[in-house]
Amino acid sequence: MLETLQALISGFGTALLPNNLLAALIGSVLGIVIGAIPGLGSVTAIALLLPLTFGLDPTTAIIMLAAVYFGCMFGGAYSAILLNIPGDAPAVMTAMDGYPMSRDGRGGKALFAANYASFIGGTIGIVILTFTGPLLADFGLRFGPAETGLLILVALTSIGWLLGTNVLKGLAATAVGIMLATIGIGTTFGQPRFTLDSIYLLNGINFIPLVIGMFGFAQLLEMMAARTTQPVARPQLGLRDSLPGAGDLRALLPVSVRSGFLGTLTGVVPGAGATTGSFFAYILERRVGRNREQMGKGAAEGVAAAESGNNSAAVGSFAPLLSLGIPGSGTSAILLGGLMMWGLQPGPLLFQNQPDFVWGLISSMYIGNVMAVIAAFLIIPFLMRILWVPTGILVPIVGVVCIVAAYSVSGSMFEVWMMIGVGVVAYLMGRAGYPAAPLLLAFVLTPRLETSIRQAFDISNGSLGIFVSSPIAIALLGVLVLILLALVWPLLSKRKPAENPL
Amino acid sequence: MNLKTLALAAFAAAIVGGPALAQDGGWTPNRNVELVVPYSAGGGSDLNARALAEAIRQNNLVSRNIVVLNRPGGSGAVGNTYVASRVGDGTAMMTFNSGQMMSTLSNDAAVKLENITPLGTLALDTLMLAVQADAPYEDFDAFLEAGTANPQSITIGGAARGGEDNLVFAILDTPTGNALQYVPFDGAGDIVSALLGGHVTAGIFNPGEISAQLEAGSVRILGTFSTERLGGIFADIPTFTEQGYPDAVFEMFRGYAGPPGMTDEMIAYWDNVLGQVAETAEWQADVEANSLIPTYMNAADSKAFWEQEEERYIVLLTDLGFIN
């Protein structure tokens, strides 16, 4: 413990040099801007900025990239809250409560809540990473295909809590999500399925046009159908009323802390990722939170849980990278490539051979996180002006943003047409009361589930025994059974009064 | 241009060693060059393309800018199709490697090797089989014996089904009478996790994907699929050929290709540029950092090698049932 603290303090010595601080500030502002643009996320940001950092000293470069990473995660919430366009998969959970808050006139509060929670969640993740990094990585290794498969199954089952009042429509939407996810070449399958012989469908439907169509474009159609020229919500709270007070901060602290711990642990599991992290945190809040009745209708707690869970999971995914040289997420995979270009060999020996670099990186995460929250709180007042824009002006702008974001995925019109088609279908579905979030979550989780379960059967030669072969697997099975019981029980008990209306 | 100035120009070019001063008196790009990457930003092909563009820029080998353009989708088919559509255009080229060629075969894509122009091969990559450091197998023979004795008890993780890892697995599996079990993963990181966590017995890796684990002593490598022993920390590891399995050779090319209908002058131009890139310090450092095998094949040799590999892949993929 003492050694860790000493190493950390000397790491801060490196990270607090003026040029490194400047790199962190530039990185976090760039990250927030790129993250806020729908369709661009931390993977793209780091991939594009990486070559520009080759001229820098490796420590300065990695500090800048860490700040970009944090900035992206802060910025990712903005379009979800303001425009109902989640820029990436984890932000789907942020939009669940964030956009209703905007419609309610509390958009500014939602933005502050999101970044406050991001900061707390990120900090918890970094502290855990600092003191238990190698232990955390070992915990992740215990998740083989069977355990990962069960974890994803728990997540998929928990969608049941998001279905709202009309369970059948929710189940139908989930099933559509599962079916869409089966399109394309699967990892374990190796051959194209349901691709209609189109090369654009060979690797499956891309998530970005799907989510932008389902949320952003469908939203735009709804605004057009409403034929109103008023801003999204009026009256909107001004900046002064939106600033988080001591009461708000105190109310959101327990949510952010809970979600931070849960998110970090989820992020360490190979392949689980930030989406699962933010989803678990949201579901937990929905079950145990003080304000659970309001969740999904515009509760700041919902935004906080999603954002804290997402940020801490992203930090958790660094544990396997630093301790074992195994990238835990798309972004850390790109960082791994960067480390190699700087002549560093990421792997189990990195802590021993390059302690200056590793502790410089870990302390730069603290600084990147602080820089990002400072930059975010300065940017939010300008962003809030979007809430005052009249619908007549907002609609064409959102339309352009949707189209550009879809086009940027692979530089082809196919994604644009698909985004528009999905948007039209999603608008009609929304009218008919079919929810969008369960569809998207099922779409994200299903490929992971299929891969893991098939790998487990390959390993066990078809035997189901592999799903009870480790304590973690048995515990997850127990959780699964409990969730199923908790979901089905109220349905069974509710049916009785329905049968006897008097 | 009279003979004297031409000689002077050639002299100047020889001294400065600068931009290829039209050594064939022929073609030079008249606008920015698009270097298409048929995969997402941040992947292996993307990093490779950016390193190439950087080496060209730093050494001033092409007078125009090289613009790296990601056109992902269809396991490479979207990018392949895009480049193949630029018939006769010397300013469009793309990264082309073994895995990309393999998916054109298994997916029966519209654009195959015959529809593009090979321009050069700048590196080879190979594969190896790793087990946990404390695994009970002394060498590859012992590993195979254990596998044959207990069918389906030994699991080998590889990237995807129907890709390179799957093909070399099939080569190893043949002597056991199909007693080994292949487990497809999304990528090398997942395979390392599963191997270190004890969820699979062995894994198939590129040298660059496993070197850190080997250095840390957490894995043991039972053999390489290269024709000759690799250098550096892999120098002590025998090839499978040395161990008596001459079929177990697999070297993947990393090359570049242009659209169909390129003129001989265009091909000669890029032949020259790529040949010079192979000599630059920047490129050689990149090859070493990624544990690749330094190689240079010009356009004609690349074409011959790729065609020979294509035939071999067709046989292997047919055996595995990925081509009918």
Side-chain angles (χ1 to χ4, degrees), chain A residues 43-44 46-48 50-51 54 138 140-147 185-192 195 198-203 206 270-271 320-321 324-328 330-334 336-337 340-341 343 345-350 352 409-412 414 451 454-455 458-459 461, chain B residues 40-44 46-47 50-51 53-54 69-75 77-78 80-82 103 106-107 109-110 151-153 155 157 159-163 166 181-190 192-194 196-200 208 211-213 215-218 285-286 289-290 322:
Chain A
V43 176
T44 327
I46 294 200
L48 296 180
L50 195 59
F54 287 152
D138 279 341
L141 284 186
R142 299 173 69 156
F143 280 73
E147 290 81 7
I185 302 176
T187 300
T188 50
F189 197 68
Q191 299 212 322
T195 59
S198 159
I199 54 172
Y200 296 101
L201 289 176
L202 209 51
N203 284 359
N206 195 298
L321 177 73
L324 302 166
I326 302 170
T331 312
S332 50
I334 295 170
L336 183 93
M340 283 160 60
M341 290 201 183
Q345 179 66 275
L349 297 181
L350 192 63
Q352 277 173 42
V409 171
S410 68
S412 77
F414 178 83
T451 303
R454 286 183 79 129
Q455 284 166 342
D458 277 341
I459 290 170
N461 207 9
Chain B
S40 317
D46 182 61
L47 295 177
R50 289 178 201 277
E54 190 62 15
L69 198 66
N70 296 88
R71 294 238 162 198
S75 300
V78 172
N80 295 347
T81 310
Y82 172 75
S103 58
S106 51
N107 297 325
Q152 265 63 51
S153 67
T155 50
R161 198 181 286 287
N166 201 170
Q181 179 67 46
Y182 182 70
V183 186
F185 285 84
D186 282 333
D190 290 349
V192 176
S193 297
L196 297 184
H199 306 289
V200 292
S211 55
Q213 306 296 333
E215 224 170 315
S218 47
D286 188 69
N290 288 294
F322 283 98

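A note on names: the letters A, B, ... follow the listed sequences, proteins ahead of strands, and every chain is numbered from 1.
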- Under a 4.5 Å heavy-atom cutoff, which of A/I185, A/T195, A/N203 has the most pairs with chain B? A/N203

Interface moiety of [X] toward chain A, non-hydrogen atoms closer than 4.5 Å:
| X | result |
| --- | --- |
| B/F322 | both |
| B/T81 | side chain |
| B/A194 | neither |

- Task: For residues A/L141 and B/S193, report the shortest heavy-atom separation together with the two atoms involved.
- Result: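 Shortest heavy-atom separation between A/L141 and B/S193 comes out as CD2-O, 3.4 Å.
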
- Note on the structure: Closest non-hydrogen contact found for A/S412 with A/Y200 is OG-CE2, 3.8 Å

- Apply salt bridge (charged side-chain N to carboxylate O under 4.0 Å, His left out) to B/D186 and list each qualifying residue two or more places apart in sequence or on a separate chain.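 Checked B/D186 against salt bridge (charged side-chain N to carboxylate O under 4.0 Å, His left out); matches are A/R448.
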
- Considering residues at least two apart in sequence or located in another chain, which fulfil the side-chain hydrogen bond (donor to acceptor under 3.5 Å, both in side chains) criterion with B/S106?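 For B/S106, no residue satisfies side-chain hydrogen bond (donor to acceptor under 3.5 Å, both in side chains) once neighbours in sequence are set aside.
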
- Side chain, backbone, both or neither: which part of A/F414 has a non-hydrogen atom closer than 4.5 Å to chain B?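 Interface part for A/F414: neither.
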
- Query: Do B/Q181 and B/T155 have a side chain donor and acceptor closer than 3.5 Å?
  - Reply: no

